[in-house]
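Predicted model only: the values in this text are computed from it and were never measured.
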Amino acid sequence: MYLHTGCHIAVSPETKYFAVDWLGVEVTRATLGIIGMGSIGYKVAQRARAFNMRILYHNRNRRRKEEEEAVGAHYCAKMEDLLQQSDFVMLVVNLTPETHKLIGKKELGLMKPTATLINISRGGVIDQDALVEALQNKVIRAAALDVTYPEPLPRDHPLLNLNNVIITPHIGTATVQAIRMMAEEAIANMLAVLNDQPIPSEVFPK
């Protein structure tokens with residue numbers, strides 16, 4: 001939200017000066033709670049460690065001790081514990097019947113009023129009506145969403161009119177390099193199938 005508003009201030013024709021008391025929230029040494037510590041969640045933890053963040057995570061299966069120690073991550077068996085302690089909560093889970101509306105009114109109420117919710121997984125993981133209410137009533141400080149449901153949101157959706165939410169158009173992998181790597185991986189998988197060889201990145205391993 002700091003970045004979004006700051007950009008508006010910087011380019012606005014009405015701006016005459018920059019306020020010195022306009023302050024954001026420090027990431028360094030803040031607590032990051034990662035819900036879903038698969039391959040992507042783990043890469044997030046690796047990057048967060050560079051900012052000296054305290055890293056908590058909740059996952060169906062606990063990571064090996066050496067993997068936890070490599071990024072300084074602490075396991076929370078209960079998601080509620082992670083929600084209560086985190087300054088930033090990041091959702092990095094697959095959308096399944098179990099994770100559909102994983103974050104609702106109850107979960108948002110457990111978060112700190114100064115916390116930010118970040119969703120880079122799928123829109124359906126969050127109850128959007130509950131999120132709108134939480135943002136409007138300052139139950140949480142802010143949200144950053146790369147995914148919503150539907151995509152794009154209807155142009156009159158209340159999320160689009162809140163000043164404490166940033167929404168991007170599902171661009172988490174939208175770089176030239178990432179798209180090229182995904183294409184190369186898909187081709188490698190197809191060639192493996194055609195040549196009766198093991199599939200390099202099988203979705204459902206046997």
Side-chain angles (χ1 to χ4, degrees), residues 1-7 19 21-38 40-60 62-63 68 71-93 95 98-149 153 157-168 172:
M1 306 347 91
Y2 182 78
L3 178 63
H4 184 268
T5 307
C7 180
D21 60 348
W22 190 65
L23 305 172
V25 176
E26 187 68 57
V27 171
T28 301
R29 290 183 293 278
T31 298
L32 170 65
I34 301 172
I35 299 176
M37 189 66 112
I40 297 174
Y42 194 76
K43 289 183 183 299
V44 169
Q46 289 174 326
R47 288 155 175 77
R49 190 177 191 191
F51 289 95
N52 292 320
M53 298 188 84
R54 177 182 178 231
I55 302 168
L56 307 178
Y57 79 96
H58 173 73
N59 201 46
R60 282 179 303 177
R62 184 169 182 172
R63 285 270 184 171
E68 291 180 343
V71 294
H74 305 277
Y75 178 65
C76 291
K78 295 181 180 179
M79 187 174 70
E80 291 80 1
D81 293 337
L82 179 149
L83 293 171
Q84 290 173 330
Q85 297 179 59
S86 299
D87 299 303
F88 298 88
V89 174
M90 182 174 284
L91 301 171
V92 201
V93 296
L95 179 59
E98 290 74 30
T99 63
H100 181 248
K101 294 190 177 181
L102 179 70
I103 302 297
K105 184 172 183 176
K106 175 188 172 186
E107 291 73 26
L108 291 162
L110 290 171
M111 292 173 63
K112 296 179 181 181
T114 54
T116 296
L117 178 65
I118 304 164
N119 189 8
I120 62 170
S121 55
R122 290 292 183 270
V125 173
I126 297 176
D127 180 339
Q128 281 185 171
D129 293 336
L131 177 60
V132 168
E133 184 180 340
L135 291 168
Q136 288 174 335
N137 297 326
K138 304 296 189 289
V139 173
I140 63 172
R141 179 178 178 273
L145 312 172
D146 188 43
V147 287
T148 60
Y149 67 90
L153 288 171
H157 195 283
L159 271 178
L160 301 180
N161 296 314
L162 296 173
N163 61 9
N164 55 346
V165 60
I166 287 179
I167 302 174
T168 50

Exercise for the section: Decide side chain to side chain contact (heavy atoms under 4.5 Å, CB included) for R63 and V71; before the verdict, give the C-alpha distance in whole Å, the side-chain angles of both, and the deciding distance to 0.1 Å. Expected result: CA-CA 11 Å; R63 285 270 184 171; V71 294; over 6 Å; no
Completion exercise
Sorted by chain and residue number, the salt bridge (charged side-chain N to carboxylate O under 4.0 Å, His left out) partners of R62 (sequence neighbours excluded) come out as E68
Exercise for the section: For residues Y57 and A73, report the shortest heavy-atom separation together with the two atoms involved. Expected result: CD2-CB, 3.8 Å
Exercise for the section: Report the residues that fulfil salt bridge (charged side-chain N to carboxylate O under 4.0 Å, His left out) with K105, sequence neighbours left out, ordered by chain and then residue number. Expected result: E133
Handout entry: Distance in Å, L83 CG paired with I140 CD1, rounded so as to fall on 0.5 Å steps
Key = 10.5 Å
Fill in the blank from the handout: Contacts satisfying salt bridge (Lys or Arg N to Asp or Glu O under 4.0 Å) that involve residues 49-60 (not counting sequence neighbours) are none
Exercise for the section: Please report the shortest heavy-atom distance between L56 and S86, naming the atom on each side. Expected result: CD1-OG, 4.0 Å
Problem - From CD1 (I40) to CD1 (I34), nearest 0.5 Å - result: 11.5 Å
Practice task
Answer yes or no: are there more than 12 heavy-atom neighbours, outside L153 itself, under 6.0 Å from its atom CG?
Solution key: yes
Exercise for the section: Write out all pairs satisfying side-chain hydrogen bond (donor to acceptor under 3.5 Å, both in side chains) with one or both partners inside residues 121-131, taking only residues at least two apart or from two chains. Expected result: N119-S121
Practice task
Grab the two heavy atoms, one from K78 and one from H58, that are nearest each other, plus how far apart they are.
Solution key: C-ND1, 4.0 Å
Completion exercise
When rounded to the nearest 0.5 Å, the distance separating CE of M90 from CE of M37 is 11.0 Å
Side-chain donor-acceptor distances from residues 107-115 under 3.5 Å, at least two apart:
from, atom 1, to, atom 2, distance (Å)
E107, OE1, G104, N, 2.8
K112, NZ, Q85, O, 3.2
K112, NZ, D87, OD1, 2.9

Practice task
Quick one: closest heavy-atom pair of F88 and A30, and the distance?
Solution key: CE1-CB, 3.9 Å
Exercise for the section: Indicate yes or no: at least one non-hydrogen side-chain atom of L82 is less than 4.5 angstrom from one of I35. Expected result: yes
Problem - From CD1 (I55) to CZ (R47), nearest 0.5 Å - result: 11.5 Å
Problem - Close side-chain approach of L91 to V147, heavy-atom, < 4.5 Å - result: no
Exercise for the section: Return the minimal non-hydrogen interatomic distance between A143 and L131, and the atom names on each side. Expected result: CB-CD1, 4.2 Å
Problem - Heavy-atom neighbours of F51 CZ exceed 12 at 6.0 Å - result: no
Problem - Residues in side-chain hydrogen bond (donor to acceptor under 3.5 Å, both in side chains) contact with D146, at least two apart in sequence or another chain - result: T168
Exercise for the section: Determine whether V25 and R141 make a side-chain contact, defined as any pair of heavy atoms from C-beta on separated by less than 4.5 Å. Expected result: yes
Practice task
State whether the side chain of D81 and the backbone N or O of C76 hold a donor-acceptor pair below 3.5 Å, judged by distance alone.
Solution key: no
Handout entry: Taking every non-hydrogen atom, the tightest pair across V165 and L159
Key = CG1-O, 3.2 Å
Fill in the blank from the handout: So OH of Y149 and CD1 of I126: to nearest 0.5 Å the spacing works out to 9.0 Å
